[in-house]
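Below: the structure, in structure tokens.
One-based numbering, in listed order, for ligands and for the atoms of each.
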Amino acid sequence: MSRKNPNIIITGTPGVGKTSHCHVLAENTGLKHLLLNQLVKDKSCHEGWSEEFQSYIVDEDKLLDAMENEVEQGGCIIDWHGCDLFPERWIDLVIVLRTATEQLYDRLKARNYPEAKLQENIDSEIMEVVLTEARECYASEIVIELQSNTTDDLDSNIERIESWIENWKQRPSVD
Ligand code: ADP
């Protein structure tokens, strides 16, 4: 069955602005914000807490099972710091948010990230780890890289994604 609303991944290194973007988008469009960090905790989609990484060790199969019903109905905005675990058929658009080192450093520092975790995330942003993953996993025409340094960026990104959603809804139906 074809979806009436698209599924969108908003991804990127921690601190780039995924949750901020998803929150506004969900409010403006009525699409559903799937905050996967919360789902991992609420539905116990993990194998415990890693002291080393200061995060849950995610059980990806459990996480996919926990989100499957909702995603298959369409209209989900998936908020996650990676994108290689989702089946390609679920996804209509992949937004990779990017932030300059200085801003990202300040945002992660404000979250009191331990130094090693902070540095690891800064390195990952500089090395474009999530962008590379997105380009490897999805067709290039559905992967969009957007800057998220300022609130003006946020506003223009939201506008752009909203107009993409409207276009998607008006596309000729395939069935
Ligand atoms: P993520 O979900 O990617 O970890 P958040 O949305 O939680 O990131 O944002 C981290 C912090 O950065 C928050 O304090 C948020 O207000 C701020 N922030 C996010 N995006 C922007 C932006 N484009 N411009 C300015 N501040 C931003």
Side-chain angles (χ1 to χ4, degrees), residues 6-43 45-46 49-50 52-58 60 63-64 66-67 70-71 75-86 90-135 137-138 142-165:
N7 288 320
I8 301 170
I9 305 174
I10 308 278
T11 190
T13 309
V16 291
K18 298 181 292 296
T19 301
S20 310
H21 280 71
C22 291
H23 181 76
V24 179
L25 266 178
E27 254 189 16
N28 292 1
T29 62
L31 301 192
K32 190 176 166 72
H33 180 184
L34 284 193
L35 182 55
L36 296 198
N37 277 333
Q38 196 64 44
L39 199 62
V40 165
K41 269 190 259 179
D42 293 348
K43 299 257 168 99
C45 308
H46 60 78
W49 178 259
S50 160
E52 185 188 353
F53 296 107
Q54 291 290 302
S55 62
Y56 284 104
I57 303 158
V58 177
E60 293 188 350
L63 179 59
L64 290 175
M67 58 193 289
E70 253 165 338
V71 176
C76 290
I77 309 171
I78 300 170
D79 179 346
W80 188 239
H81 55 264
C83 55
D84 62 351
L85 69 164
F86 313 110
W90 278 7
I91 306 301
D92 301 296
L93 179 69
V94 182
I95 300 291
V96 183
L97 297 177
R98 304 298 312 279
T99 299
T101 305
E102 204 176 315
Q103 278 97 329
L104 189 61
Y105 183 91
D106 290 345
R107 292 180 199 170
L108 296 180
K109 198 78 188 161
R111 273 186 187 170
N112 292 320
Y113 268 30
E115 197 57 36
K117 186 171 175 177
L118 193 151
Q119 200 52 55
E120 189 191 8
N121 282 300
I122 297 283
D123 289 348
S124 157
E125 181 62 7
I126 292 169
M127 305 279 286
E128 307 193 321
V129 171
V130 181
L131 183 62
T132 305
E133 184 180 308
R135 288 182 173 149
C137 295
Y138 300 94
I142 72 159
V143 177
I144 313 276
E145 177 186 12
L146 294 176
Q147 297 304 313
S148 174
N149 294 311
T150 63
T151 49
D152 281 352
D153 288 340
L154 193 145
D155 292 344
S156 68
N157 293 343
I158 296 292
E159 228 175 87
R160 188 164 165 192
I161 300 166
E162 282 178 17
S163 82
W164 180 92
I165 293 170

> What residues, two or more places apart in sequence or in another chain, satisfy salt bridge (Lys or Arg N to Asp or Glu O under 4.0 Å) together with D153?
Replying inline: none
> Partners of K109 by salt bridge (Lys or Arg N to Asp or Glu O under 4.0 Å), sequence neighbours excluded?
Replying inline: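 In terms of salt bridge (Lys or Arg N to Asp or Glu O under 4.0 Å), with neighbours along the sequence ignored, K109 is linked to E115.
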>> A quick test of your reading: do over 12 heavy atoms of other residues, nucleotides or ligands sit less than 6.0 Å from CD of Q54?
In response: yes
> Who's touching ligand 1 if we go heavy atoms under 4.0 Å?
Replying inline: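 Close residues (ligand 1, cut-off 4.0 Å): T13, P14, G15, V16, G17, K18, T19, S20, R107, R111, S148, N149, T150, T151, L154.
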>> For a quick test of reading the model, state the closest non-hydrogen atom pair linking Q103 to N149 and the distance between them.
In response: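 In this case the closest contact between Q103 and N149 is NE2-CB, 3.7 Å.
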>> Checking K117 now: which residues fulfil side-chain hydrogen bond (donor to acceptor under 3.5 Å, both in side chains) with it, not counting sequence neighbours?
In response: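 K117 satisfies side-chain hydrogen bond (donor to acceptor under 3.5 Å, both in side chains) with no other residue.
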> Under 3.5 Å, is there a donor-acceptor pair linking the side chains of T13 and N121?
Replying inline: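 There is no such pair (donor and acceptor under 3.5 Å, judged by atom type) between the side chains of T13 and N121.
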